[in-house]
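Okay, so here's the structure we're looking at.
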Amino acid sequence: MSKNTPQAIRGTQDIFGVDAEAFAFVVETFERVRKLYRFRRVEMPVFEKTEVFARSIGETTDIVSKEMYSFEDRGGESLTLRPEFTAGIARAFLTNGWQQHAPLKVATHGPLFRYERPQKGRYRQFHQIDAEIIGAAEPQADVELLAMADQIIRELGIEGVTLHLNTLGDADSREAWRAALVEHFRAVKDELSEDSQERLEKNPLRILDSKDRRDRKFVADAPKIDQFLSDEAKAFFDAVTSGLDAAGVKWTRAESLVRGLDYYRHTAFEFIPDEGSDAAGKLGSQSTILGGGRYDGLMESLGGPATPAVGWAAGIERLAMLVGDIAEPGAELAVIPLGGDAEVRATEVAQHLRNEQFSVEVFARGNVKKRFNRADQSGAKAAIIIGEDELASGKLQFKDLATGEQEAVEMDDLTDRAWDLRLEDDFDAMDERLDKLEEDVRSLGERD
Ligand code: ATP
Ligand code: MG
């Protein structure tokens, strides 16, 4: 690398090896689980007109006021790299007539961009998995969405993370609460952080979300939403919590949880590592891994009809940090040509096996010993060896790398041999499953 090799942009990451595997595991788990809940896949543009975000997320939020990557394109239009998914999906819902599919359950994932101070778990390009239910006013939608989030986190094997749940009430409850908060914080205005002094006039709920220590003590004894909840808003929240209990999703009430965006109503939530847990240790202070809520007011802010909706997003990097290192998968089969003439044949054999869905690596570099060592290290269960004798006879040497047993096989029998190897593992798994079933049947018999 010379001095004039360009560096990566601050706050971006080049993800490789075990970290890339953990990242992929998060995405694969999300893809698998979202199908269990029947969420449909959408692909969204990475940039939108700036107003899509400014009008929906709110001009006074951190995201819109300080964090957006906005620029003028060559036609003089103000565009913004998406800082979140929801606003773009809401725009698409309106401009594509997706109303006809309501209630619409959609899921997506990809990169987002925010101009933030980079630190552990906080980047300028980061990635989210995202799920939204649009056109559903029922609390059951909130429950289904949260149950899916909970299942994804469980299936990732992440422990020590809890759902923190709050309600912001309906528009009236929220307005009354807001007025009480302004009164509370105005009394101590001079002691608040500069940011919060500004929020006091523009967006007082956001003070509750402040990470500044000077604000924390006043947040603790601020008025709580519960005193201001209308009967309807209270019934809605009760339906959400009893639904979560029925689904077996553990939650805790977080009375000052507000979320950093303007468009939320009713349910608001975050999944946060428990204090002192392994997860909290790994993530440090950047600890929210998944956040979301109900955004019944958002469609109107984009000029659409009132449309109830609820959604969440989770940072893939933060989830991947909790998942930890995941080993890159090994090869199933190694192909080792010995001598230049064997290389063409090796290409043919490898292609044949890959067409049959086996993962195959060809080891054609270095001396013979090196080739075998590398084949061993690749995790392959068997090596297919092609030397001069094999070229002459048309057969191949099939070597079981675990036992060292080796025999000549016809090309036609190669796939069968490879399948036998793979099935050995599957049979072991099936045996275990059968044992478990037998045990279940036995214990049922004992009960009768
Ligand atoms: P924070 O309070 O940490 O700034 P946020 O409220 O801005 O989070 P959301 O907009 O709700 O976050 O995004 C949902 C999730 O996306 C977060 O919980 C986090 O996991 C992830 N996330 C948000 N910003 C970043 C970032 N800059 N880098 C990495 N992940 C991020
Ligand atoms: Mg943020």
Side-chain angles (χ1 to χ4, degrees), residues 1-2 5-6 8 13-32 127 157 316 320 323-433:
M1 192 178 72
S2 89
T5 300
Q13 292 197 102
D14 306 310
I15 308 171
F16 176 72
V18 291
D19 296 327
E21 291 298 329
F23 190 105
F25 176 59
V26 171
V27 173
E28 282 158 18
T29 304
F30 173 68
E31 272 298 295
R32 189 166 49 73
H127 301 76
I316 297 178
V323 163
D325 293 355
I326 293 195
E328 294 179 76
E332 284 183 292
L333 298 168
V335 175
I336 305 178
L338 301 174
D341 291 346
E343 280 182 23
V344 174
R345 182 89 171 121
T347 303
E348 184 191 345
V349 169
Q351 188 60 48
H352 171 71
L353 289 167
R354 288 169 178 157
N355 287 345
E356 298 286 330
Q357 308 300 310
F358 290 94
S359 78
V360 179
E361 189 104 54
V362 178
F363 296 93
R365 296 173 71 169
N367 61 33
V368 175
K369 191 166 165 232
K370 266 216 176 98
R371 293 181 194 197
F372 275 96
N373 278 345
R374 291 203 182 118
D376 267 330
Q377 285 160 12
S378 76
K381 289 190 193 148
I384 294 122
I385 303 153
I386 311 167
E388 262 166 49
D389 292 351
E390 284 73 36
L391 283 179
S393 68
K395 291 191 174 185
L396 306 158
Q397 286 294 324
F398 192 92
K399 181 175 185 185
D400 185 323
L401 290 173
T403 62
E405 278 167 38
Q406 183 170 330
E407 62 174 314
V409 296
E410 299 283 351
M411 179 77 173
D412 284 350
D413 297 330
L414 192 55
T415 315
D416 282 349
R417 294 300 306 269
W419 267 109
D420 286 346
L421 266 189
R422 181 185 282 177
L423 286 176
E424 262 173 34
D425 282 356
D426 290 355
F427 281 139
D428 285 348
M430 264 196 287
D431 272 346
E432 255 173 54
R433 176 113 189 87

Side chains of Val362 and Thr347: does their closest heavy-atom pair fall under 4.5 Å? no

Between the CD atom in Glu410 and the CZ atom in Arg417, the distance rounded to the nearest 0.5 Å is 12.5 Å

Separation of Leu391 CG from Leu396 CG (nearest 0.5 Å): 9.0 Å

Within this structure, what is the CZ-CG distance for the pair Arg433 and Asp428, rounded to the nearest 0.5 Å? 15.5 Å

Over 12 non-hydrogen atoms of neighbours within 6.0 angstrom of CD in Glu388: no

Any non-hydrogen side-chain atom of Met411 less than 4.5 Å from a side-chain atom of Val349? yes

Can you see which heavy atom on Ala346 is nearest to which on Val335, and at what distance? CB-CG1, 3.8 Å

Heavy-atom side-chain proximity of Asp325 to Asp19 below 4.5 angstrom: yes

If I compare all heavy atoms of Ala22 with all of Gly324, which pair ends up nearest, and what's the gap? CB-O, 3.3 Å

Could you tell me which non-hydrogen atom of Asp400 sits nearest to which non-hydrogen atom of Ala402, and how far apart they are? OD1-N, 2.9 Å

Would you say the side chain of Thr29 lies within less than 4.5 Å of the side chain of Val323, judging by non-hydrogen atoms? no

Do Gln397 and Ile336 make a side-chain contact, defined as non-hydrogen atoms from C-beta onward lying under 4.5 Å apart? no

Would you check if the side chain of Arg345 reaches a backbone N or O of Pro337 as a donor-acceptor pair within less than 3.5 Å? no

Student check: side-chain heavy atoms of Phe358 and Leu414 closer than 4.5 Å: no

Does some side-chain heavy atom of Gln406 sit less than 4.5 Å from a side-chain heavy atom of Ile385? yes

For Glu328 and Gly17, the nearest pair of non-hydrogen atoms, with its separation, is OE2-CA, 3.6 Å

Answer yes or no for Arg374 and Phe363: cation-pi contact, defined as NZ/CZ to six-membered ring centre under 6.0 Å and angle to ring axis within 45°. no

